[in-house]
2 protein chains.
Amino acid sequence: MTSGVTVSDDSTKERAPSIRDVARLAGVSHQTVSRVLNNHASIRDSTKARVLAVIEELQYRPNRAARALSRGRSRTIGVLSASSAEYGPASSIAAIQDAARDAGYFVNTANLNRGEPGSIAAAVDHLMSQSVEGIVVIAPQVQVFNALKLLSIDVPFVTLQSSGNVDANALTVDQIAGARLATRHLIDLGHRDIYHLAGPQDWIEAEARMHGFLEEMGAREVPTTAPILGDWTAQFGYHAGRELLHVRDFTAIFSSNDQMALGLMHAIREAGLEVPRDVSIVGFDDIPEAAHFWPPLTTVRQDFAELGRRCVALLLANIAGTTAENQGAIMPELIVRGSTARPAF
Amino acid sequence: MTSGVTVSDDSTKERAPSIRDVARLAGVSHQTVSRVLNNHASIRDSTKARVLAVIEELQYRPNRAARALSRGRSRTIGVLSASSAEYGPASSIAAIQDAARDAGYFVNTANLNRGEPGSIAAAVDHLMSQSVEGIVVIAPQVQVFNALKLLSIDVPFVTLQSSGNVDANALTVDQIAGARLATRHLIDLGHRDIYHLAGPQDWIEAEARMHGFLEEMGAREVPTTAPILGDWTAQFGYHAGRELLHVRDFTAIFSSNDQMALGLMHAIREAGLEVPRDVSIVGFDDIPEAAHFWPPLTTVRQDFAELGRRCVALLLANIAGTTAENQGAIMPELIVRGSTARPAF
DNA sequence: CGAAGTCATGTGCACGGTCACAAATTGGCC
DNA sequence: GGCCAATTTGTGACCGTGCACATGACTTCG
């Protein structure tokens, strides 16, 4: 740890300069300074220059708390996030922060990772006590939405995933389309015995991907088996893989994310089989590592960053009361790599 | 997107209830309400109960901006972060947020990911304009520290990595020790021709790991070659691997993180060689996927979450002016898996 | 029983901005 | 030169909370 250069050596704890200090030195009223700060229209250039000079000299910074108090607006948006350490959410959060900052907003994040009971309410409470103007929900689990409804949040909120219902304002990567792409790819290769390793049932996107899988299978009249419900981790994929290999009545598996796909491949190889010779695998997300798995993983790419950006745009429009133009769903993209091939027989 | 239940249907835009509204309904002064909120000592139980009842009834929430303004403290800490989408930083950030929240603090993050020039100053500015009380630097690059010094930040800050110099207050995972563990493991297995794939030179932790590697090699009197400087990505590891295989005068590689190790293994396998038969690989970080790489990766585990927690503890102590007890460096742990073995000959 | 001390509560102002409105200055035009 | 309008600047109140100090009620004790 390196301590900051603590300048407050002098006896009195000097408060930061205020708008009035600037006003005094510039020989104007505090209101004029305020106008310069908010670059109001009718300010004489010479006055403006003088004020700006003093601001520079005093190293003046507007006090956000005071501004928020008097304007009644915090200029802060909240992010409600689960598993924020994972690639997808983390990328989106970063994008959200950048986009918000560009729009002059601040971001405050509350995590849901920990002990469940009351956790959602507590997190929302944390955000609300920041008087956020809007919330981005990045933990699209059913219970979160229920909790949000129950708490009757009185600020607008958007989510990175469709809540399932058709919504005129839906902002989302089209998970169903993505899952269908993956499934179609396997069917087109000639696979007929395809398993689906799904995400946790209460995750909206997991459900959507499962739906997409089932839809495509149905449309192509390929008989389906019940999906296995996982927890997104490579660990689970590995164990699920070991279980599945006892049966071995499949030639391909579509995994609902890349991590579980990795675990699956681990289990398969450990059993002496080979991907894609014996089993084809498709993942979902296209995490940066996926291209270097062995074999490199065929997967469905989502643009998390773009998602985050659009999300902020939509939320801010909502806050402003503007009717947001619905840019429609972002289309995911199938990335074909080495983990899929025609079935062996 | 699902819009929140917008309650503000009524004509007038009702302001949230204030401490005085509560006071009026409870038949006390606003100051009494304030005392209840800050659970001040001398308040009659009956009064307290009455006030609390009104608070509940009115759904009253303290206004953070007003509180910050009047107390002159924002109760917010800032996080300055690069590559916040990666596993290590992301985990630490999550832990920081949780710890801060438990301590009644809010967290604000500024990313450095984007276009470099002025980016650091801008990010710091963003945080300072939030009047954060302290900053956690999670982007331990040399230039960031230089920028921090130049900007003469007047709030305490801590970093997740030692700045290299021995510092009485250093808070860090001992990167050097970790790197030595990894290197020792390879030497103990019998390897003598060991390469090191380092992280970006300007990253303090990358430099520390490189140092640890060189120290251990020196201590064991194993001749060394110049480390290769990478950029943390699997992509780079892959390309570096391909280059290295033109020479093939090594039996083991110590990679400065797991992603680059993954890329290395990809390149090695693609060249028809096998890990660990032909080349042993050690990584660093122990990302959750590492256990399911092929082969499962031998690596050095860091407890990012613990790091984040301690970091907040230290920073808050610093803010409070308390002398922080230095808990010393966190020791990393060598996790031996399948990617290392005795050299073939 | 009165003085001194503790406890419980109230009063008024400060924090650093913004807002609504008023006042001063400027310029154009007859 | 005087009048009106537009431009530029100033005045005072207010946002919601905490702090310092004042006040009144109730104890304690010699």
Side-chain angles (χ1 to χ4, degrees), chain A residues 12-52 54-55 58-76 104 106 128-133, chain B residues 12-52 54-55 58-76 104 106 128-133:
Chain A
T12 49
K13 196 144 199 173
E14 34 174 344
R15 276 208 168 250
S18 86
I19 205 177
R20 295 171 207 263
D21 298 322
V22 175
R24 199 174 319 117
L25 260 81
V28 296
S29 77
H30 63 110
Q31 178 60 6
T32 301
V33 178
S34 171
R35 289 200 180 95
V36 171
L37 290 172
N38 299 290
N39 46 22
H40 195 86
S42 54
I43 290 278
R44 193 167 300 162
D45 281 347
S46 60
T47 322
K48 185 171 181 175
R50 192 149 31 100
V51 170
L52 285 176
V54 176
I55 285 178
L58 250 51
Q59 291 264 48
Y60 164 82
R61 279 172 182 288
N63 180 318
R64 236 175 74 74
R67 193 173 267 185
L69 177 58
S70 88
R71 286 211 283 208
R73 306 195 49 186
S74 65
R75 296 253 154 210
T76 298
F106 295 85
M128 292 309 289
S129 79
Q130 279 272 58
S131 49
V132 294
E133 293 179 22
Chain B
T12 50
K13 196 139 197 177
E14 34 176 344
R15 276 207 168 253
S18 87
I19 206 177
R20 296 180 202 257
D21 297 323
V22 174
R24 199 174 320 120
L25 260 80
V28 296
S29 76
H30 68 105
Q31 178 58 12
T32 301
V33 178
S34 171
R35 289 200 180 94
V36 171
L37 289 173
N38 299 293
N39 47 20
H40 196 85
S42 54
I43 289 278
R44 194 167 301 159
D45 280 347
S46 58
T47 322
K48 185 171 181 173
R50 194 148 32 97
V51 171
L52 286 176
V54 176
I55 285 178
L58 250 51
Q59 291 265 49
Y60 166 81
R61 281 172 180 289
N63 180 319
R64 234 174 75 73
R67 195 173 266 186
L69 177 58
S70 106
R71 288 211 283 203
R73 305 194 52 187
S74 66
R75 296 249 156 216
T76 299
F106 295 83
M128 293 308 289
S129 78
Q130 278 274 59
S131 48
V132 295
E133 294 180 21

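Residue numbers start from 1 in every chain, and the chains themselves are labelled A, B, ... in the order their sequence lines are given, proteins ahead of strands.
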Test of understanding: with side chain to side chain contact (heavy atoms under 4.5 Å, CB included), list the residues that count as partners of A/Asp45, not counting sequence neighbours. none
Going by atom type alone, with no hydrogens or angles, which donor-acceptor pairs under 3.5 Å involve a side-chain atom of residues 18-28 of chain A and a protein atom two or more places apart or on another chain?
residue : atom : partner : partner atom : Å
A/Ser18 : OG   : A/Arg20 : N            : 3.0
A/Asp21 : OD1  : A/Arg24 : NH2          : 3.2
A/Asp21 : OD2  : A/Ser18 : N            : 2.7

Could you pull out all residues at least two apart from B/Arg73 that satisfy salt bridge (Lys or Arg N to Asp or Glu O under 4.0 Å)? B/Glu133
Nearest whole angstrom, please: distance from the P of D/dT8 to the NE2 of A/His40. 10 Å
Rounded to the nearest angstrom, tell me the gap between atom CZ in A/Arg75 and atom P in C/dT18. 11 Å
Quickly work out the A/Arg24 CZ to C/dG16 C1' distance and round it to whole Å. 13 Å
So, using side chain to side chain donor-acceptor pair (under 3.5 Å) as the criterion, who are the partners of A/Arg50 when residues are at least two apart? none
Results of side chain to side chain donor-acceptor pair (under 3.5 Å) for A/Ser29 - residues two or more places apart only: A/Thr32
Protein within reach of the bases, or only the backbone? For nucleotides 10-18 of chain D, mark each nucleotide 5' to 3' as B, S or -, using heavy atoms under 4.0 Å. BBB--BBBB
Applying salt bridge (Lys or Arg N to Asp or Glu O under 4.0 Å), which residue pairs with at least one partner in residues 32-44 of chain A are found, sequence neighbours left out? none
Axis-to-axis angle across the helix from C/dC1-D/dG30 to C/dC30-D/dG1, five pairs each end, nearest 10 degrees, ~ 50°
Interatomic distance where CD1 belongs to A/Ile43 and P belongs to C/dT26 [whole Å]: 15 Å
Can you give me the closest heavy-atom contact between B/Tyr60 and B/Pro17, atom names plus distance? CD1-O, 3.3 Å
Does anything in residues 61-71 of chain A form a side-chain hydrogen bond (donor to acceptor under 3.5 Å, both in side chains)? List the pairs, not counting sequence neighbours. A/Arg61-B/Asp125, A/Arg64-A/Thr76, A/Arg64-B/Gln130
Using a cut-off of strictly less than 4.0 Å, decide whether A/Ser42 has a side-chain nitrogen or oxygen near OP1 or OP2 of D/dT9. no
Whole-Å distance between D/dT7 P and A/Asp45 CG? 14 Å
At a cut-off of 3.5 Å, list every protein nitrogen or oxygen paired with a nitrogen or oxygen from nucleotides 23-25 of chain C, distance to 0.1 Å.
none

Polar side-chain atom of A/Ser74 near backbone of A/Ser131 as donor-acceptor pair, under 3.5 Å: yes
The reported gap from NE2 in A/His30 to CG in A/Leu37 (rounded to nearest 0.5 angstrom) is 12.5 Å
Run the side chain to side chain contact (heavy atoms under 4.5 Å, CB included) test against A/Ala68 and tell me which residues pass, sequence neighbours left out. B/Ala65
